[in-house]
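Throughout, residue positions are numbered sequentially from 1 according to the sequence presented. Whatever order the structure lists them in is the order used to number ligands and atoms, beginning at 1.
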Amino acid sequence: MQIQALAALEKGAKLQPYTYETPSPKGHRCLIKVHACGICHSDLHIIDDDWGMSNYPIVPGHEVIGEVVEVGEQVTHLQVGDRVGMGWQASACMQCKDCLRGNENLCSNHQPLIVSEYGGFSDYLNVDSRFAFPIPDGIKTEVAGPLLCAGITVYSGLRYGGMTSGQEIGIIGVGGLGHLAVKFASRLGNRVTVFTTSQDKAEFAKQLGAVDAIVVERGGSPPPADRFFSVLLSTVPASIDWAGYAEYLDADGTLSIVGVPDENISLPLFSMLMKRRRILASVIGGRAMMREMLSVAEKYQIEPIVETFPFEKANEALERVRNNQVRYRAVLTKQ
Ligand SMILES: NC(=O)c1ccc[n+]([C@@H]2O[C@H](COP(=O)([O-])OP(=O)(O)OC[C@H]3O[C@@H](n4cnc5c(N)ncnc54)[C@H](OP(=O)(O)O)[C@@H]3O)[C@@H](O)[C@H]2O)c1
Ligand SMILES: [Zn+2]
Ligand SMILES: [Zn+2]
């Protein structure tokens, strides 16, 4: 079968039409007809080869929603016609101790969809069905995609950071990930403060569920800490004043980092140890947590705010993500 996709043929390139062949799905694989696909900042990191792992041509797209149209002989949890989503992870060994503990995202053989295979900026996708997740009926197709990467990443980063309810939670960066983090944390009963470089996002923060917003100039430092967080989640794809933000951590508080700056980070040891503060770096989430997150999103009506674009406008949408113009997640949809 021939698949029509959009690909970056080299580092930083604009996407162009790209066709590739795929066989009928065998074993655990299934074929999905793509209906919608969110755009994550990681798509840009991979198009630009920021992480030195890109494998051109890159077909971006790892917040994919579609319909199962064919399944391999070993697929038992999905049927033709099911609505499913694929996120960042394409496969894992399924046998190591991390996989067996439900942490497939931590598997040393974890393969990212848009690096080891082709992503969702395409009409069909042939993938390992064990990483295709049924979408609950209460979540609409055009808003479901961003849950598969942005949603799971912030849910997992907050949960492993120790978020329960009744806590003070801070979120740095109100983009695709950040705005969903505000929604998850607030709907689950926490008081949320956001740190943003965008005035309009500060003004909108209460509508996302935050109690307060602090505007911090790009490249600048937050004001001296006047509140203390159990979890402070950074979703920023750039270096920030880590030491300044660490002062906002409560005793035993966790700085949970999910955004990926292209430099190492440095933190003042004394400030961390005198309050037994922790740092956590977290990547997406395992399959069990993905199911939990989707179920929480449906029950608490947590959905992203999206700007939709037809697939043909993918380059325009990517440019808006690059320039921090999207409010709050771009999603490509089939008309
Ligand atoms: N760990 C994981 O598993 C995982 C999964 C998915 C994505 N990611 C990473 O998470 C990061 C965010 O992804 P996203 O899709 O949410 O991106 P996004 O939609 O572009 O949002 C990032 C936000 O960070 C803020 N920001 C951007 N540049 C900044 C700078 N120089 N200084 C301060 N703030 C800045 C902006 O928020 P304001 O306008 O509010 O300031 C921006 O909206 C990316 O690095 C991505 O690769 C990680
Ligand atoms: Zn992503
Ligand atoms: Zn494994």
Undergrad: Do any N/O atoms on I284 end up under 3.5 angstrom from N/O atoms on ligand 1?
TA: yes
Undergrad: Is there a nitrogen or oxygen of L177 sitting under 3.5 Å from a nitrogen or oxygen of ligand 1?
TA: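 In this structure, L177 places an N or O atom under 3.5 Å from an N or O of ligand 1.
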Undergrad: If the test is side chain to side chain contact (heavy atoms under 4.5 Å, CB included), which one of V192, I171, I302, V154 qualifies with K183?
TA: I302
Undergrad: Under 6.0 Å between ring centres, would you say that holds for Y118 and Y20?
TA: yes
Undergrad: Taking distance alone, with N or O pairs closer than 3.5 Å, would you say S239 contacts ligand 1?
TA: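 No, there is no polar N/O contact under 3.5 Å.
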Undergrad: Looking only at N/O atoms, are V258 and ligand 1 under 3.5 Å apart anywhere?
TA: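 Between V258 and ligand 1 (N or O atoms, distance only) the closest approach is under 3.5 Å.
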Undergrad: Please list the nearest protein heavy atom to atom 40 (O) of ligand 1 with its residue and the distance rounded to 0.1 Å.
TA: T196 OG1, 2.6 Å
Undergrad: So with a 6.0 Å cut-off around CZ of R83, is the heavy-atom count from everything else above 12?
TA: yes
Undergrad: If we only count N/O pairs under 3.5 Å, is V174 in contact with ligand 1?
TA: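 Checking ligand 1 against V174, an N or O pair does fall under 3.5 Å apart.
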Undergrad: Return the residue, atom name and 0.1 Å-rounded distance of the protein heavy atom closest to atom 18 (P) of ligand 1.
TA: H41 ND1, 3.7 Å
Undergrad: What's the SG-the Zn ion (ligand 3)-SG angle here (C107, C93), rounded to 10 degrees?
TA: 110°
Undergrad: To which of P261, A281, A238 does the heavy atom nearest atom 30 (C) of ligand 1 belong?
TA: A238
Undergrad: For P237, which part has a heavy atom under 4.0 Å from ligand 1: side chain, backbone, both, or neither?
TA: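 It is both backbone and side chain that touch ligand 1.
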Undergrad: What protein heavy atom is closest to atom 32 (N) of ligand 1, reported as residue, atom name and distance in Å?
TA: R218 CG, 3.8 Å
Undergrad: Using a strict 4.0 Å cut-off to heavy atoms of C149, name the atoms of ligand 1 that fall inside it.
TA: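 Counting atoms of ligand 1 from 1, those under 4.0 Å from C149 are 5 (C), 6 (C).
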Undergrad: Hey, is the Zn ion (ligand 3) within less than 2.8 Å of some N/O/S atom on H110?
TA: no
Undergrad: Which ligand 1 atoms does S282 reach within 4.0 Å, using its non-hydrogen atoms?
TA: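 Near S282, meaning under 4.0 Å from one of its heavy atoms, ligand 1 has 1 (N), 2 (C), 3 (O).
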Undergrad: Counting heavy atoms only, which of V260, N324, N323 is nearest atom 43 (O) of ligand 1?
TA: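 When every heavy atom of V260, N324, N323 is considered, N324 comes closest to atom 43 (O) of ligand 1.
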Undergrad: Does the residue A150 have a heavy-atom contact with ligand 1, meaning some pair of atoms that are separated by less than 4.0 Å?
TA: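 Distance cut 4.0 Å: A150 fails for ligand 1.
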Undergrad: Between F229 and Y248, what is the ring plane arrangement, given parallel below 30°, perpendicular above 60°, and tilted in between?
TA: parallel
Undergrad: Does H41 bring an N, O or S atom to under 2.8 Å of the Zn ion (ligand 2)?
TA: no
Undergrad: Answer yes or no on whether R287 is positioned over the face of F131, meaning its NZ or CZ is under 6.0 Å from the six-membered ring centre and within 45° of the axis.
TA: yes
Undergrad: Tell me, which protein residue and heavy-atom name are nearest atom 21 (O) of ligand 1, and how many Å apart are they?
TA: G175 CA, 3.3 Å
Undergrad: Can you pull out the closest protein heavy atom to atom 12 (C) of ligand 1? Residue, atom name and distance to 0.1 Å, please.
TA: T235 O, 3.0 Å
Undergrad: Is the number of heavy atoms from other residues, nucleotides or ligands under 6.0 Å of D137 CG greater than 12?
TA: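 Counting neighbours around CG of D137, 12 or fewer heavy atoms of other residues, nucleotides or ligands fall under 6.0 Å, so no.
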Undergrad: Distance to 0.1 Å, residue and atom name: give those for the protein heavy atom nearest to atom 34 (N) of ligand 1.
TA: V236 CG1, 3.4 Å
Undergrad: Restricting to side chain to side chain donor-acceptor pair (under 3.5 Å), what partner residues turn up for E316, sequence neighbours left out?
TA: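 Testing E316 for side chain to side chain donor-acceptor pair (under 3.5 Å), a comparison that skips the adjacent residues, returns none.
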Undergrad: Do any heavy atoms of R329 fall under 4.0 Å from ligand 1?
TA: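 So R329 counts as touching ligand 1.
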Undergrad: Of L233, T164, V258, which is the lone residue that meets side chain to side chain contact (heavy atoms under 4.5 Å, CB included) with L158?
TA: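 Single side chain to side chain contact (heavy atoms under 4.5 Å, CB included) partner of L158 among L233, T164, V258: L233.
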Undergrad: For ligand 1, is there an N or O atom under 3.5 Å from any N or O atom of G176?
TA: yes
Undergrad: Check whether any side-chain heavy atom of W88 sits under 4.5 Å from a side-chain heavy atom of S42, and report yes or no.
TA: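 Heavy-atom side-chain distance check passes, below 4.5 Å.
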Undergrad: Taking the side chain as every heavy atom from C-beta outward, state whether I257 and I265 have any atom pair closer than 4.5 Å.
TA: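 Yes, side chains in contact.
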Undergrad: Heavy-atom pairs closer than 4.0 Å: do any link ligand 1 to the side chain of H45, the backbone, both, or neither?
TA: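 Contact part for H45 vs ligand 1: side chain (C-beta onward).
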Undergrad: Would E21 and Q2 satisfy side-chain contact (heavy atoms from CB on, under 4.5 Å), going step by step from the backbone distance to the final call?
TA: CA-CA 5 Å; E21 283 288 331; Q2 271 215 333; 3.0 Å; yes
Undergrad: With a sphere of 6.0 Å drawn around OH of Y300, does it hold more than 12 non-hydrogen atoms of other residues, nucleotides or ligands?
TA: no
Undergrad: Report the relative orientation of the aromatic rings in H45 and H41; use parallel for angles under 30°, tilted for 30 to 60°, perpendicular for over 60°.
TA: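 The arrangement is tilted - the two ring planes meet at 30° to 60°.
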Undergrad: Which residue and atom name correspond to the protein heavy atom nearest atom 4 (C) of ligand 1, and how close is it?
TA: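 Scanning the protein heavy atoms, the shortest distance from atom 4 (C) of ligand 1 goes to T153 CG2, 3.5 Å.
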Undergrad: Is any N or O atom of W51, backbone or side chain, closer than 3.5 Å to an N or O atom of ligand 1?
TA: no
Undergrad: With I169 as reference, evaluate N190, L232, L188 under the side chain to side chain contact (heavy atoms under 4.5 Å, CB included) test and give the passing residue.
TA: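 Of the listed options, the one satisfying the test is N190.
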Undergrad: Can you tell me the angle formed at the Zn ion (ligand 2) by NE2 of H62 and SG of C149, to 10°?
TA: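 Vertex the Zn ion (ligand 2), arms to NE2 of H62 and SG of C149: 110°.
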Undergrad: Is there at least one pair of N or O atoms, one from Y328 and one from ligand 1, spaced under 3.5 Å apart?
TA: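 Y328 vs ligand 1: no N/O contact under 3.5 Å.
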Undergrad: Check whether F311 forms a cation-pi arrangement with K334 (NZ or CZ under 6.0 Å from the six-membered ring centre, at most 45° off the ring normal).
TA: yes
Undergrad: Step through the shown structure and confirm whether more than 12 heavy atoms of other residues, nucleotides or ligands are within 6.0 Å of CZ on R276.
TA: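 No, not enclosed.
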Undergrad: Looking only at protein heavy atoms, which one is nearest to atom 7 (C) of ligand 1, and how far off is it?
TA: S42 OG, 3.3 Å
